[in-house]
Amino acid sequence: MAFVKAILQAYERRGLAPDQALRTAQITPEDTLDAQKKVTALQFELLSGAAMQELDDEALGWFGRRLPWGSYGMLARASISAPSLGVALKRWCRHHGLIADDITLSLNVQGRHSSITITEHRDLGELREFCLVSVLRNIHGLACWLIDSRLPLQQAAFPLPAPAHAEVYPLLFPGPVVFGAAQAGIHFDARYLEMPLRRDETALKQMLQRALPLTVLQYRRDRLLVQRVRQLLARQPQDTQSAEALAHWLHISPRTLHRQLKDEGATLQALKDEVRRERATELLLRTGRPIKQVAEAAGFRNEKSFMRAFRDWTGQSPAEFRRQAGAG
């Protein structure tokens, strides 16, 4: 309801009544007086869409000047031809500064970590929180849509105290949320920046007819999840032996982990077997480590379970495999 009230403040600033927009979203004036009241994603989508068109301002009063209806669509068109997500986001950040100079969006990359941050150039006043949340949700939702993939967040940071409705933030920004940060931003794995766009002009036209769900609803498919799981299993075999432990590292629930892997045509057990087999084979061929140490390094709890699994994979015991390879 705090974000609904922010939209009502935008109406108040313009001296206009929000009655029709509230009716469209089936939100009563009495609802807006209840700070504990919640609205559905569809209600917020309908209210936002009606307000943006009635106020002719897609920024809903955040900035010093209005962003006429279609402004963000224009930014999306400027990004759709980019060869990768990284280039598309750079374009979005640069072009956003052309339509609103109140803030600057920046894409930052350091090794395998990347972030999109907001630098504020003026006091955004009472709509500051709504502005920061909306701008980051807009660009995150668009990024997911462009690559048709969930883009997991390593962190979402906000330069304000935790609000009374802080429990809503993890729904908008799945992953760790930090308040009291130096500046607003979202942080994610830089490998997503290399992904090619999976959308074209036709898809963009269809999306723009109902773009607002991108700013509210989360993507489920993660096209990099299989790769991320495989790398975690290889890098930290002792810390990722269970689905629960692995899901913790990925900042998702075990159920979500299994579901998303299934969407990608993979299973956790198959990925575990693949990574363990590759690691064990490498150690058997390239080192003289005892079988027990190979088992441990490959992520097995004990030598017996390793030997059983290895025989299932190759039809040989680890010792036989090593001897045969050496003889060859």
Does a side chain donor of either H165 or Q36 reach within less than 3.5 Å of an acceptor in the other side chain?
no
Tell me who clusters with L33, hydrophobic residues only, linked when side chains sit under 4.5 Å apart either directly or through other members.
none
Main-chain N/O of T28 paired to D31 side chain as donor or acceptor, under 3.5 Å
yes
Answer yes or no: does atom NZ of K292 have more than 12 heavy-atom neighbours from other residues, nucleotides or ligands under 6.0 Å?
no
Using atom types as modelled and distance alone, determine if a side-chain donor or acceptor of E296 lies under 3.5 Å from a backbone N or O of R301.
no
Q260 side chain to L257 backbone, donor-acceptor under 3.5 Å
no
Are F321 and W313 an aromatic pair, judged by ring center distance below 6.0 Å?
no
Do side-chain atoms of Q43 reach the backbone of A25 as a donor and acceptor pair under 3.5 angstrom?
yes
Indicate whether any N or O donor in one side chain lies under 3.5 Å from an N or O acceptor in the other, for T240 and R235.
no
Would a distance-only check, ignoring hydrogens and angles, find a side-chain to backbone donor-acceptor pair under 3.5 Å from S114 to Q110?
no
Establish, yes or no, whether the cationic atom of R277 lies under 6.0 Å from the six-membered ring centre of F310 and within 45° of the ring axis.
no
Under 3.5 Å, side chain of R14 to main-chain N/O of L55, donor-acceptor pair present?
yes
Should the ring pair F63 and H96 be called parallel, tilted or perpendicular, given that the plane angle runs from 0 to 90° and is split at 30 and 60?
perpendicular
Is there a donor-acceptor contact under 3.5 Å from the side chain of R322 to the main chain of T287?
yes
Parallel under 30°, tilted from 30 to 60°, perpendicular over 60°: which one fits the rings of F44 and F130?
perpendicular
Is it true that the side chains of Q316 and Q324 contain a donor and an acceptor less than 3.5 Å apart?
yes
Please determine, by modelled atom types, if Q227 and R230 share a side-chain donor-acceptor pair under 3.5 angstrom.
no
Is the backbone of R311 close enough, under 3.5 Å, to the side chain of T314 for a donor and an acceptor to pair up by distance?
no
